Q: 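For reference, the structure I am asking about is given below.
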Amino acid sequence: MLRWKATLSSSSICRLKRGSKTLTTSAPDAASIASVILKSDSEAQIQTLAPWTPDLVNQVVKRLWNHGPKALHFFKTLDRHPAYAHTASSYDHIIDISARMRDYKTVWALVAKMRALRLGPSQKTLAIVAERYVAAGKPDRAVRVFMNMHEHGVPQDLNSFNTILDILCKSKRVEMAYELFKMLRGRFRADAVTYNIVVNGFCLIKRTPKALELLKEMVGRRLEPTLTTYNSMLKGFFRAGQVEEAWGFFLQMKKRKCEIDVVTYTTLVHGFGVVGEIKRAKKVFYEMVGAGVLPSVVTYNAYIQVLCKKDSVEHAMVVFEEMVRKGYVPNSTTYNVIIRGFCHAGEMERGVEFMERMKSDECEANVQTYNVVIRYFCDAGEIERGLDVFRKMSEGKCLPNLDTYNVLISAMFVRKKPEDLLVAGKLLVEMVDRGFLPRKFTFNRVLDGLLLTGNQGFAKEIMRLQSSCGRLPRHFRM
DNA sequence: ATAGGGTTAG
């Protein structure tokens, strides 16, 4: 018990200095605990590391999100704890992680165990599994999970129907969602939410005419379209490049006395901005207040982002300062958008500076922050600086994700240095170790590089690694 | 975890 106090106190004090929001994370700091777990395999040490509570366990699991095998090891270790018992939500998290690693044997073993313990599975649990199947390119298996829900003791109803449709739509499997929708809308009594999900799906794949058709069908079935329906359509027009249609649709919304909200305005600001219509974006941004709708942090983020992309980061900074002056609290997206703006303008130093400013604020640099800076350093040919930031990441208790590894591995090919290929190989080993599945392309590129630079031995090792990736599961069994 | 707005990258 003394152990966690000794290891954790210094970092806790650091976080207290600015005194405000981080305080919600109480004494046993999940970040510090996670970093101890990353270094330790000792069952006894993990079990006695903290006074475990469901909330703390979930926080630690989240910190280990990008190191699946460690997360599983942690879960399994606590499962053997004499006094602690996992909750349904930690099962959901660990099932999510296992499914992301495509370790379906473990996934279903955990689902079975959950059921044996009468902790679930819930509709949410199965939604997680279905979503991961779709993400892994297996939408048919996702649909099967939905169709067989009752076999897991989970009721199949309108909620779960809407959820599976949404999962399919969000992954752009809109056609499949639509087939399922047509087949089962009668049985489940499709409601306005069901229609909104499918309308939004067709908007996501830029099929606005089909989305409009469904909107009309909705009215025909006496289901009143909601503001959500209209906002989805509006976004869809922008996405499809139909800027004037979007504006016309907005005018119709106003004319029909629709209660236009902050989401509507944010969609307009962002939509005009991304096509370079900064004047119109600005006009909307400053007119919304007159219309009685206050911008949110998200609205500011959208506006700042489009200024960075289509105007200048200097103007974006003016808006950022205005936002702070008005009492808005920038979040990590705000910072990331600004940092990207500086990097994109070639002002890497100011980007890095802003990263520090973010840390001293209530925001911590997250994996996206690091990815942006690493990417731009590498793009600028400053490979060493990119690697430096990567190293800093591990000190900063932020685990790299798939993007981080992909960006860095690609960067290892630009200087044509044999040493870089060794680094690429090491990164590849590390990413597999952490539960990420590299693309075939990545394996081949690294293999070619190693063979060309005379590293036959290492190349062989990588080949063995690649074949072991095909034989999942490899990390864990209950 | 039943629906809509803001983060990579051309």
Side-chain angles (χ1 to χ4, degrees), chain A residues 88-89 92-93 95-96 120-132 146 154 157-167 169-170 188 190-201 203-204 211 218 223 225-236 238-239 253 258 260-271 273-274 281 284-285 288 293 295-309 323 328 330-341 343-344 363 365-376 378-379 401-404 406-407 410:
Chain A
S89 77
D92 285 348
H93 285 309
I95 285 169
D96 197 2
S122 63
Q123 290 189 340
K124 181 182 170 182
T125 315
L126 296 186
I128 289 167
V129 177
E131 187 182 333
R132 291 298 177 187
F146 167 72
V154 186
D157 56 16
L158 180 59
N159 293 342
S160 48
F161 181 53
N162 287 343
T163 302
I164 186 71
L165 291 178
D166 195 41
I167 287 168
C169 285
K170 295 260 166 66
F188 291 110
D191 63 358
V193 174
T194 320
Y195 274 92
N196 284 349
I197 288 166
V198 182
V199 164
N200 187 52
C203 286
L204 283 174
M218 205 175 161
L223 291 169
T226 62
L227 185 53
T228 300
T229 328
Y230 296 132
N231 285 340
S232 291
M233 280 308 313
L234 189 63
K235 175 87 184 163
F238 277 116
R239 204 187 301 266
M253 282 169 76
C258 203
I260 289 158
D261 70 356
V262 62
V263 176
T264 319
Y265 283 109
T266 305
T267 305
L268 287 170
V269 169
H270 186 252
V274 293
V284 173
F285 186 78
M288 64 189 282
V293 182
S296 66
V297 172
V298 176
T299 319
Y300 270 102
N301 291 350
Y303 189 42
I304 289 170
Q305 187 212 147
V306 297
L307 286 174
C308 285
K309 281 191 175 163
M323 167 185 185
Y328 287 90
N331 60 22
S332 48
T333 303
T334 323
Y335 284 100
N336 289 346
V337 162
I338 295 268
I339 290 168
R340 183 176 308 116
C343 292
H344 196 75
C363 284
N366 59 22
V367 65
Q368 281 92 346
T369 321
Y370 286 107
N371 286 353
V372 166
V373 176
I374 291 172
R375 180 186 302 270
Y376 277 98
C378 291
D379 283 356
N401 66 10
L402 187 63
D403 288 341
T404 322
N406 283 333
V407 167
S410 304

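Predicted, not measured: the structure shown is a model, and the values here were computed from it.
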Q: Select base, sugar-phosphate, or nothing to describe what A/Asp166 touches, counting heavy atoms under 4.0 Å on all strands.
A: sugar-phosphate
Q: May I ask you to say what A/Asp92 touches in the nucleic acid, namely base, sugar-phosphate or nothing, with a heavy-atom cut-off under 4.0 Å?
A: nothing
Q: Side-chain N or O of A/His270 versus OP1/OP2 of B/dG6: is the shortest distance under 4.0 Å?
A: yes
Q: How are the rings of A/Tyr376 and A/His344 set relative to one another: parallel (under 30°), tilted (30 to 60°) or perpendicular (over 60°)?
A: perpendicular
Q: Quick one: A/Asn200 CG to B/dT2 P, roughly how many Å, whole number?
A: 16 Å
Q: In whole angstroms, how far is the C1' atom of B/dT8 from the CD1 atom of A/Ile338?
A: 17 Å
Q: Return the value, rounded to whole Å, for the distance between atom CG of A/Asn301 and atom C1' of B/dG6.
A: 5 Å
Q: Ignoring the backbone of A/Thr267, work out which of B/dG5, B/dA1, B/dT2 is nearest its side chain.
A: B/dG5
Q: Could you pull out all residues at least two apart from A/Asn401 that satisfy side-chain hydrogen bond (donor to acceptor under 3.5 Å, both in side chains)?
A: A/Asn371, A/Thr404
Q: Of the nucleotides B/dG6, B/dT8, B/dA1, which has the atom closest to the A/Val298 side chain?
A: B/dG6
Q: Looking only at side-chain atoms of A/Lys309, point me to the closest of B/dT2, B/dA1, B/dT8.
A: B/dT8
Q: State whether A/Lys235 places a side-chain N or O below 4.0 Å from either non-bridging phosphate oxygen (OP1 or OP2) of B/dA3.
A: no
Q: What is the distance, rounded to the nearest whole Å, between atom OH of A/Tyr376 and atom P of B/dT8?
A: 8 Å
Q: Evaluate the ring planes of A/Tyr300 and A/Phe285, with Trp represented by its six-membered ring, and classify them as parallel (under 30°), tilted (30 to 60°) or perpendicular (over 60°).
A: perpendicular
Q: Atom CD1 in A/Ile338, atom CD1 in A/Ile304: separation rounded to 0.5 Å?
A: 5.0 Å
Q: Which nucleotide, B/dA3, B/dT8, B/dG5, lies nearest any side-chain atom of A/Val262?
A: B/dG5
Q: At under 4.0 Å between heavy atoms, what does A/Val269 touch on the DNA or RNA strands: base, sugar-phosphate, or nothing?
A: nothing
Q: Output the single nucleotide from B/dA3, B/dA9, B/dA1 whose closest atom is nearest the side chain of A/Val193.
A: B/dA3
Q: Using a 4.0 Å heavy-atom cut-off, does A/Thr226 contact any base of the nucleic acid, only the sugar-phosphate backbone, or nothing at all?
A: base
Q: Would you say A/Arg340 places a side-chain N or O within less than 4.0 Å of OP1 or OP2 belonging to B/dT8?
A: yes
Q: What about A/Thr299: does its side chain form a donor-acceptor pair under 3.5 Å with the base of B/dG5?
A: yes
Q: Measure from the side-chain heavy atoms of A/Thr333 and tell me the nearest of B/dG6, B/dA9, B/dA3.
A: B/dG6
Q: Base, sugar-phosphate, or nothing: which does A/Ser296 touch, judged by heavy atoms less than 4.0 Å apart?
A: base
Q: Remember a base hit wins even if backbone is also touched, and classify A/Asn331 as base, sugar-phosphate or nothing at under 4.0 Å, heavy atoms.
A: base
Q: Can you name the side-chain hydrogen bond (donor to acceptor under 3.5 Å, both in side chains) partners of A/Thr163, sequence neighbours left out?
A: none
Q: Students often get this wrong, so: under 4.0 angstrom with heavy atoms, is A/Leu227 touching a base, only sugar-phosphate, or nothing?
A: base
Q: As a test of reading the structure: which of B/dA1, B/dG5, B/dT2 is closest to the side chain of A/Thr163, going by heavy atoms?
A: B/dT2
